[in-house]
Q: 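A single structure is presented below for examination.
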There are 2 protein chains.
Amino acid sequence: MDKTPDVESQSLGRAPLESAEKLRTALRHGVFFLRRMDNTRELTSQQISLMSMLTDGGVRMTTIAANLGVRTPTATQSVDRLMKSGLVERQPDPADARAVLVKLTRRGHNVIAAEDRHRNEVVAKVLARLDDKELAALDAAMPVLEKLASPRGGMTGEHQPRPGVRRD
Amino acid sequence: MDKTPDVESQSLGRAPLESAEKLRTALRHGVFFLRRMDNTRELTSQQISLMSMLTDGGVRMTTIAANLGVRTPTATQSVDRLMKSGLVERQPDPADARAVLVKLTRRGHNVIAAEDRHRNEVVAKVLARLDDKELAALDAAMPVLEKLASPRGGMTGEHQPRPGVRRD
DNA sequence: TATCCATAGTTAGTTAAGCTAACTTATTCT
DNA sequence: AGAATAAGTTAGCTTAACTAACTATGGATA
């Protein structure tokens with residue numbers, strides 16, 4: 001949708017384009033940072049995200065997919081893998097026979113807790129190298145990042161996760 | 001109670017753990033944000049990262065891999081795909097017959113430029129919804145994020161990209 | 001100089017994580 | 001009751017990682 005640059009694009013001509021460039025690379029590097037942390041332990045970031053949302057009880061497949069921003073088959077698949085590792089289990093939803101509730105197993109609970117703790121410690125150790133000013137800057141930016149990243153505040157009215165392929 | 005302000009001695013027991021938690025989720029959501037932007041156009045973030053480093057001339061496979069933080073087979077593979085799309089090409093390195101120089105094709109140049117412009121505009125549009133204070137906060141945090149994410153400032157003396165598999 | 005080891009890339013095979021399309025089973029709505 | 005909708009799964013494909021094993025070139029050194 002190439003909307004002709006009307007009203008608010010005037011506010012766009014300024015710094016934002018530079019900031020956008022910087023933000024993009026910073027985020028990209030942030031991804032690397034997260035990923036670099038992925039080794040050493042047995043779970044990927046995706047798996048952590050998924051399991052983290054199960055700590056308070058069973059969650060439906062559809063909800064999982066929506067929260068992760070992926071399609072349901074992807075959620076099914078991820079859950080399958082975690083099930084094979086004995087970290088989560090499926091249960092019928094008493095409220096709806098079509099639906100499924102995904103829950104952490106006992107072991108899943110332990111694993112996610114330990115993993116979370118470990119990662120926080122690792123990040124904390126890195127944060128410890130920052131001086132107070134830098135830490136404050138980071139802290140101040142966090143809610144802004146959250147706001148940007150939230151589906152609502154972000155962009156993309158619909159969520160439309162990924163194109164998959166489309167080779168040309 | 002707690003919150004003993006004697007700074008650097010134990011350093012780790014205090015706030016950092018909370019900040020770490022927040023940072024981790026913020027970054028994770030940032031990833032979603034980036035990914036949500038991936039549709040609509042024909043390149044993935046990885047491909048953009050790769051192509052971006054070729055804008056100034058041919059780059060060796062090994063260098064590409066190192067810059068992306070992946071192993072060489074992964075770089076080979078990614079380059080293969082981009083080659084199939086006609087966006088990059090391989091050339092022998094005159095300085096070393098074992099090596100290969102990966103370059104953007106004419107079309108690759110055009111595509112990466114357009115893509116970059118487009119993404120900056122999209123992000124800028126989102127940034128435009130922030131007030132000055134929020135924008136300033138983001139701006140202030142950017143260098144800190146960069147510092148964290150840089151291989152040196154980050155962690156992991158060696159780079160050791162990802163565990164790949166390790167099924168149990 | 002001839003051998004030996006290190007370096008640059010590729011190939012093969014595996015996994016995780018996405019997607020769409022098509023399908024089954026329940027639920028809901030008219 | 002019958003049609004439409006919603007929840008999940010299955011199948012088949014792509015991208016992006018990894019390791020292990022290989023080829024070929026470049027350097028070192030005995």
Side-chain angles (χ1 to χ4, degrees), chain A residues 31-32 34-36 38-40 42-51 58-66 68-85 87 90-102 159-168, chain B residues 28 31-32 34-40 42-51 58-66 68-85 87 90-102 159-168:
Chain A
V31 175
F32 283 173
L34 269 189
R35 260 222 316 249
R36 227 178 291 133
D38 269 352
N39 34 16
T40 61
E42 49 181 315
L43 294 175
T44 67
S45 288
Q46 291 308 314
Q47 293 175 320
I48 295 212
S49 297
L50 201 166
M51 290 177 69
V59 176
R60 285 204 184 168
M61 219 36 124
T62 317
T63 309
I64 291 177
L68 289 178
V70 301
R71 303 288 189 197
T72 44
T74 303
T76 294
Q77 212 179 7
S78 301
V79 166
D80 281 349
R81 281 192 282 261
L82 288 174
M83 243 177 73
K84 209 179 307 181
S85 307
L87 297 173
R90 279 180 171 84
Q91 280 184 358
D93 183 345
D96 186 336
R98 295 169 299 179
V100 145
L101 290 180
V102 181
H159 102 308
Q160 206 184 24
R162 271 202 59 191
V165 178
R166 182 175 49 235
R167 77 349 184 49
D168 28 303
Chain B
R28 215 155 45 195
V31 176
F32 285 174
L34 271 188
R35 257 224 318 253
R36 227 177 292 133
M37 203 163 51
D38 269 351
N39 33 14
T40 61
E42 48 180 315
L43 293 175
T44 67
S45 289
Q46 292 307 317
Q47 294 176 320
I48 295 213
S49 297
L50 202 167
M51 289 176 68
V59 177
R60 284 201 184 172
M61 219 36 121
T62 317
T63 309
I64 291 177
L68 289 179
V70 302
R71 304 286 188 198
T72 44
T74 304
T76 294
Q77 213 178 8
S78 301
V79 167
D80 280 348
R81 281 192 283 262
L82 288 174
M83 243 177 73
K84 209 179 308 181
S85 306
L87 297 173
R90 278 180 171 86
Q91 281 184 358
D93 183 345
D96 187 335
R98 295 167 299 178
V100 144
L101 290 180
V102 181
H159 103 311
Q160 206 185 24
R162 271 199 60 190
V165 178
R166 183 174 46 233
R167 88 311 193 76
D168 29 305

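In this text, all values refer to a predicted model and were calculated from it rather than measured experimentally. In what follows, chains carry the letters A, B, and so on, assigned in the order in which the sequence lines appear, proteins first and then strands, with residues in each chain numbered from 1.
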Q: Would B/R60 and B/D96 count as a side-chain contact (heavy atoms from CB on, under 4.5 Å) if you check the C-alpha gap in whole Å, the side-chain angles of each, and the deciding distance to 0.1 Å?
A: CA-CA 10 Å; B/R60 284 201 184 172; B/D96 187 335; 3.5 Å; yes

Q: In Å, rounded to the nearest 0.5 Å, how long is the span from CE of B/M61 to OG1 of B/T74?
A: 11.0 Å

Q: Round to the nearest Å and state the distance from B/I48 atom CD1 to D/dT15 atom P.
A: 15 Å

Q: Contact class for A/R60 vs. all strands (heavy atom < 4.0 Å): base, sugar-phosphate, or nothing?
A: sugar-phosphate

Q: Kindly say if B/R98 contacts the phosphate of C/dT10, meaning a side-chain N or O under 4.0 Å from OP1 or OP2.
A: no

Q: Take B/L43 and B/L87 through the test side-chain contact (heavy atoms from CB on, under 4.5 Å) and record every step on the way to the result.
A: CA-CA 11 Å; B/L43 293 175; B/L87 297 173; 3.9 Å; yes

Q: What's the CG-P distance between A/D93 and D/dA6, to the nearest Å?
A: 17 Å

Q: Kindly say if A/T74 contacts the phosphate of C/dC19, meaning a side-chain N or O under 4.0 Å from OP1 or OP2.
A: yes

Q: Does C/dT10 have OP1 or OP2 under 4.0 Å away from a side-chain N or O of B/T76?
A: yes

Q: Is there a side-chain contact between A/R71 and the phosphate of C/dG18, meaning an N or O under 4.0 Å from OP1 or OP2?
A: no

Q: Is any side-chain nitrogen or oxygen of A/T44 closer than 4.0 Å to OP1 or OP2 of C/dA17?
A: yes

Q: Given D/dG8, is OP1 or OP2 found less than 4.0 Å from the side-chain N or O atoms of A/R90?
A: no

Q: Expressed as a whole number of angstroms, how long is the span from B/Q46:CD to D/dT14:C1'?
A: 14 Å

Q: Could you tell me whether A/D96 contacts a base, only the sugar-phosphate backbone, or nothing, with contacts defined as non-hydrogen atoms closer than 4.0 Å?
A: sugar-phosphate

Q: Say you draw a straight line from CG of B/L68 to OG of B/S78; how long is it, rounded to the nearest 0.5 Å?
A: 7.0 Å

Q: Name the closest nucleotide to the B/Q77 side chain, picking from D/dC18, C/dG18, D/dT10.
A: D/dC18

Q: Rounded to whole angstroms, how far apart are CG on B/L68 and P on D/dA17?
A: 7 Å

Q: A/T62 side chain N/O closer than 4.0 Å to the phosphate oxygens (OP1, OP2) of D/dA6?
A: no

Q: Side-chain N or O of B/R81 less than 4.0 angstrom from OP1 or OP2 on D/dA16?
A: yes

